[in-house]
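Only this structure's heavy atoms are used, side chains among them; waters, hydrogens and symmetry mates stay out. Each chain gets a letter, A, B and so on, in the order the sequences are listed, and its residues count up from 1. In this text, all values refer to a predicted model and were calculated from it rather than measured experimentally.
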Amino acid sequence: MKSSEIFNPTLREVPSEAEIVSHQLLLRGGFIRKTSGGVYSYLPLAFRVLKKIMNIVREEMDRAGGQEVLMPIIQPAELWQESGRWVVYGDEMFRLKDRHNRSFALGPTHEEIITTIVKQDVHSYRDLPLLLYQIQNKYRDEIRPRFGLMRGREFIMKDLYSFDMDEAGLDLSYKKMHEAYKRIFERMNLKYRVVEADSGAIGGNESHEFMVLASSGEAQIVYCDNCHYAANVEKAQCQAQEAVKAKSIVVKALEKIHTPGVRTVDDVMQKLAVPIESIAKTLIYWADGEYVGAVIRGDRELNEIKFKNILRCNELVIADEKQIREVLGISVGSLGPIGAKFKVYADQEIEFMDNFICGANEDGYHLINVNMSRDFVPETIADLRNAVKGDSCPVCSAELDTIRGIEVGHIFKLGTKYSEVMKASFLDNNGQEKPFIMGCYGIGVSRTMAAAVEQNHDENGIIWPIPIAPYQVIIVPVNTKKTEQMELAWSLYHQLLGLGLEVIIDDRDERAGVKFKDADLTGIPLRITIGPKALQEDKVELKKRWEKETVLVAIENIVEEINRILKQY
RNA sequence: CGGGGCGUGGCGCAGCUUGGUAGCGCGUCUGAUUUGGGAUCAGAAGGCCGCAGGUUCAAAUCCUGUCGCCCCGACCA
């Protein structure tokens, strides 16, 4: 393709709306344009990248036994009412009505449709397992779309749904997908990590996320280098701190002290000159109609997902100051577990804290020398906090580390969650009617493109991993007016095309600097520069986008050299 | 939905407080000179200042409403 003909409008300046690197570079490189909030058009270069990602995904899904289908984006409300998600999904779902006033949704996901299709036409265990997948636009009316392609309202997603006759079958399907996903991200040449995840609203009991590692990632990953444990911080288990217990000292008598004006953990530290580890804080939440308190060490973060799972509640929101004052008659700074008018849930770490400090449930007072069991008995003791760097690994007890990642894949065991409510069943080999055992496995295709940029870029632009680069090679003749440069450029261009490679020739009558800047910005992995200096020695320059240095290669070897490099991918 | 900010040529912005013929840089077009990391000179095109009302002799500027966008929060792949 000639640069002069590619529709690839690059920008010198960063559009002000773009906050993160991938958004900025995809806009500047002429890959995407915004059509509406959270809705983007993919220009030719971006579409080439997407197609490469989709092809890799498709090949691996097929290899794992998947069959591709295409399902409607417009979905009738009835299907969603049947599963109960018409209500549950809430404002997140794009809804519309036709001229007859019938309700529809723009599909955020396709469990309802696929389950309906399978229910209609699959009736025997002989037809199982069945793995069906689709790669399509999906829709979520995000409260706040942001980060460009990272959190759009329209996005491209691959979803595979598995139908099995029993748990063992599901385990096998799940394992196949797990392996397929690893292959996919390896083939795309992305650094990633598989982590244990919370299955959230979709349900089910086992779930893994595939995270592309990038410092800008939204997800915090906790991992162990000693063993293979890795988990989303939402899920990562914390160990109770036995070591602390061993050092325990004499339990002192409970004491109430006057602490006017002390409101935060920091205040307590300063006022009483104590370490933050000797303070316990109490957080009040509104959980399905009642107030509950969580007690954790002063420096810890409450993990709301763990808390929610322990409470088995649907709604969990932190109470605001006004609510606390109205209901409990005290201010936030003086909350504590002793004599509380709410149910108290303690983090397991609290059990190992001796003579700690907490609010007295009385304005302007704190208690010191508090000890759990002796001074109060919580409803439950559980793992309630977020894991942090330095915690011990729940598998091997080595020290955990943390890293940030972008969630690009998520696999779930659904079980019978949908098949039961939607009455999708088959007859097993005993003639018994059984609900399908389902799994669902998603990959955010458009998000993967953005994640690849987040992970692979420098100050000059994108550095596409070769397997998903829009083109593999760009030939840059330094001066278009010099016929010997142009002749060689065209000759190399045709030779590379002849090998089936994807090549751009920058035939624009621009200054070399402009061409270099554009080539770097758009991230084409290999650049051949044809200039007078090297040409005198019958050489051209080869620049790998991911390396700093340029190397000289003899003209007669360059095609072979390019082919050799690209063959590795 | 709550809090904050912004809508002025394709992009980035100034002008608004104190109303009076809309400006800068980049990009685009023409020509010339250039040609190894976003050239120089000369010329040109392109904007009913988001939209709708209102105040005024006069509105980008003041007032009201509305739409859109961005950031923080709740939500989430």
Side-chain angles (χ1 to χ4, degrees), chain A residues 9-20 23-24 27-28 30 33-39 88-93 108-109 138-159 197-202 207-212 217-219 232 234 285-286 304-305 308 315-320 405-412 440-448 450-451 459-461 476-482 485 506 508-521 527 529-535 540-541 543 548 550:
Chain A
T10 57
L11 303 173
R12 282 195 189 198
E13 285 168 281
V14 183
S16 61
E17 67 187 47
E19 184 74 358
I20 59 167
H23 192 194
Q24 294 173 348
L27 282 171
R28 280 194 60 209
R33 287 293 181 261
K34 183 167 69 184
T35 295
S36 176
V39 180
V88 175
Y89 232 100
D91 295 333
E92 199 93 345
M93 194 152 65
T109 174
K138 304 216 173 184
Y139 298 82
R140 272 176 215 182
D141 195 357
E142 285 287 342
I143 294 173
R144 180 151 83 89
R146 56 181 138 174
F147 304 141
L149 298 186
M150 220 52 103
R151 180 170 303 286
R153 296 196 293 171
E154 176 179 82
F155 50 95
I156 303 172
M157 184 104 183
K158 185 282 304 181
D159 264 316
D198 184 82
S199 44
I202 299 183
S207 176
H208 287 88
E209 286 168 338
F210 288 73
M211 301 280 195
V212 166
E218 286 185 278
N232 190 318
E234 293 173 355
Y285 277 80
W286 176 250
E304 291 186 10
I305 291 171
K308 199 169 173 177
E315 189 194 21
L316 182 72
V317 283
I318 191 149
D320 64 31
I406 299 164
E407 182 186 347
V408 290
H410 201 158
I411 58 179
F412 298 87
C440 80
Y441 317 86
I443 289 180
V445 173
S446 42
R447 178 183 264 198
T448 297
E459 66 281 6
N460 293 315
V476 180
V478 161
N479 187 336
T480 346
K481 297 228 166 70
K482 296 281 193 281
Q485 288 181 27
D506 197 339
R508 296 174 302 168
D509 182 19
E510 286 285 358
R511 298 169 66 85
V514 173
K515 300 190 195 185
F516 293 153
K517 289 286 183 193
D518 274 349
D520 286 350
L521 179 59
R527 186 180 85 203
T529 308
I530 300 171
K533 285 178 268 177
L535 212 51
V540 293
E541 291 162 38
K543 171 81 164 54
K548 226 167 173 59
T550 298

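Among the atoms of the strands shown, none is found under 4.0 Å from any heavy atom of Glu218(A). Residue contacts shown for Arg153(A) are absent, as no nucleic acid heavy atom lies under 4.0 Å away. Among the heavy atoms of the strands, none lies under 4.0 Å from Asp91(A). Nucleic acid contact class of Pro108(A) (heavy atoms, under 4.0 Å, all strands): none. Base contact: Gly531(A) has a heavy atom under 4.0 Å from a base atom. Using a 4.0 Å heavy-atom cutoff across all strands shown, Glu19(A) reaches sugar-phosphate atoms only and no base atom. Residue Gly152(A) is in base contact, counting any heavy-atom pair closer than 4.0 Å across all strands shown. Residue Glu17(A) is classed as a sugar-phosphate contact, given heavy-atom separations below 4.0 Å to backbone atoms only. Nucleic acid contact for Asn460(A): none, since no nucleic acid atom lies under 4.0 Å from a heavy atom of the residue. Note on Val14(A): only backbone sugar-phosphate atoms sit closer than 4.0 angstrom, heavy atoms only; bases stay farther off. As judged by a 4.0 angstrom heavy-atom cut-off over every strand, Arg508(A) is placed among residues making no nucleic acid contact.
Separation of the C1' atoms belonging to C16(B) and G73(B) is 31 Å when rounded to the nearest angstrom. Spacing between C72(B) and C51(B) at atom P, rounded to whole Å, works out to 28 Å. Spacing between U18(B) and C62(B) at atom P, rounded to whole Å, works out to 9 Å. C13(B) and G27(B) are spaced 14 Å apart, taking the C1' atom of each and rounding to whole Å. Using atom C1' as the reference point in both U30(B) and G36(B), the two lie 27 Å apart (nearest Å). When the P atom is compared between C24(B) and G9(B), the two are found 14 Å apart, to the nearest whole Å. Here the separation of G7(B) from U17(B), taken at their P atoms, is 14 Å to the nearest Å. The separation of G43(B) from G25(B), taken at their P atoms, amounts to 13 Å, rounded to a whole angstrom.
As the counterpart of C1(B), G73(B) is assigned, both hydrogen-bonding distances of the Watson-Crick or G-U wobble pattern falling under 3.5 Å. Across all strands shown, C24(B) forms a Watson-Crick or G-U wobble pair with G12(B), both key distances being under 3.5 Å. Pairing of U66(B), defined by two Watson-Crick or G-U wobble distances under 3.5 Å, is identified with G50(B). Both distances falling under 3.5 Å, in either a Watson-Crick or a G-U wobble arrangement, place U30(B) opposite A42(B). Using N1 to N3 plus N6-O4 or O6-N4 for Watson-Crick, or N1-O2 and O6-N3 for G-U wobble, each under 3.5 Å, U17(B) pairs with nothing.
Closest to the Glu13(A) side chain, of the nucleotides G25(B), A77(B), U34(B), is G25(B). In this structure, the nucleotide among G38(B), C76(B), C11(B) sitting nearest to the side chain of Val514(A) is G38(B). Of the candidates C70(B), U35(B), G37(B), the closest approach to any side-chain atom of Val478(A) belongs to U35(B). Closest approach to the Arg144(A) side chain among A74(B), G36(B), G38(B) is made by A74(B) (side chain taken as heavy atoms from C-beta onward). Comparing C13(B), A77(B), C11(B) by their closest approach to the side chain of Glu407(A) singles out A77(B). With G36(B), G37(B), C76(B) as the candidates, the nucleotide lying closest to the side chain of Lys517(A) is G37(B). Candidate nucleotides C11(B), G36(B), A77(B) were compared by shortest atom distance to the side chain of Leu11(A), and C11(B) ranks first. Taking every side-chain heavy atom of Leu521(A) into account, G38(B) is the closest of G38(B), U35(B), G36(B). When distances are taken from the side chain of Arg151(A) to each of G36(B), G38(B), C76(B), the shortest belongs to C76(B).
Between Lys34(A) and Phe516(A), the residue whose closest nucleotide on RNA chain B is further toward the 5' end is Phe516(A). Position along RNA chain B of the nearest nucleotide to Asp520(A) versus Pro145(A) favours Asp520(A) as the more 5'-ward residue.
Distance check, rounded to the nearest 0.5 Å: OG1 of Thr109(A) to CZ of Arg140(A) gives 6.5 Å. Taking NZ from Lys308(A) and OH from Tyr285(A), the interatomic distance works out to 11.5 Å, rounded to the nearest 0.5 Å. Rounding to the nearest 0.5 angstrom, the gap separating the CD1 atom in Ile406(A) from the CD atom in Glu209(A) is 13.0 Å. Here CG of Leu535(A) is found 6.5 Å from CD of Gln485(A). Values are rounded to the nearest 0.5 Å.
Taking side-chain N and O atoms only, Ser16(A) has no distance below 4.0 Å to OP1 or OP2 of C70(B). Put simply, Arg12(A) has no side-chain N or O that comes within less than 4.0 Å of OP1 or OP2 on G12(B). Proximity of Arg511(A) to the phosphate of A39(B): a side-chain N or O atom is located under 4.0 Å from OP1 or OP2. For Arg146(A) and C72(B), the shortest distance from a side-chain N or O to OP1 or OP2 is below 4.0 Å.
Between Arg508(A) and Asp518(A), some side-chain heavy-atom pair lies under the 4.5 Å cut-off.
Between the side chain of Asn479(A) and the base of G36(B), no donor-acceptor pair of N or O atoms lies under 3.5 Å. Between the side chain of Arg28(A) and the base of G27(B), no donor-acceptor pair under 3.5 Å is found. Between the side chain of Lys481(A) and the base of U35(B), at least one donor-acceptor pair of N or O atoms lies under 3.5 Å.
Remark: P of C1(B) and CG of Asp141(A) are 11 Å apart, rounded to the nearest angstrom. Rounded to an integer number of Å, the gap from Glu510(A) CD to G36(B) P is 13 Å. Taking atom CG of residue Leu27(A) and atom C1' of nucleotide G10(B), one finds them 13 Å apart after rounding to whole Å. Taking atom NZ on Lys515(A) and atom P on U35(B), their separation rounds to 14 Å, with Å as the unit. What separates CE of Met211(A) from C1' of C76(B) is a distance of 12 Å, to the nearest Å. One interatomic measurement links the two molecules: CD of Glu142(A) to P of C71(B), which rounds to 13 Å at whole-angstrom precision. If you take CZ of Arg33(A) and P of C69(B), they are 17 Å apart, rounded to a whole angstrom.
Side-chain atoms of Arg151(A) do not come within 3.5 Å of backbone N or O of Arg144(A) as any donor-acceptor pair.
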**Message:** Walk me through whether Glu541(A) and Val478(A) qualify under side chain to side chain contact (heavy atoms under 4.5 Å, CB included).
**Reply:** CA-CA 11 Å; Glu541(A) 291 162 38; Val478(A) 161; over 6 Å; no
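Between Glu17(A) and Lys34(A), at least one side-chain N (NZ, or NE/NH1/NH2) sits under 4.0 Å from a carboxylate O, which counts as a salt bridge.
Relative to the ring axis of Phe155(A), Arg447(A) does not place its NZ or CZ within 45° and under 6.0 Å from the centre.
When all heavy atoms of Asp141(A) and Arg153(A) are compared, the closest pair comes out as OD1-NH1, 3.2 Å.
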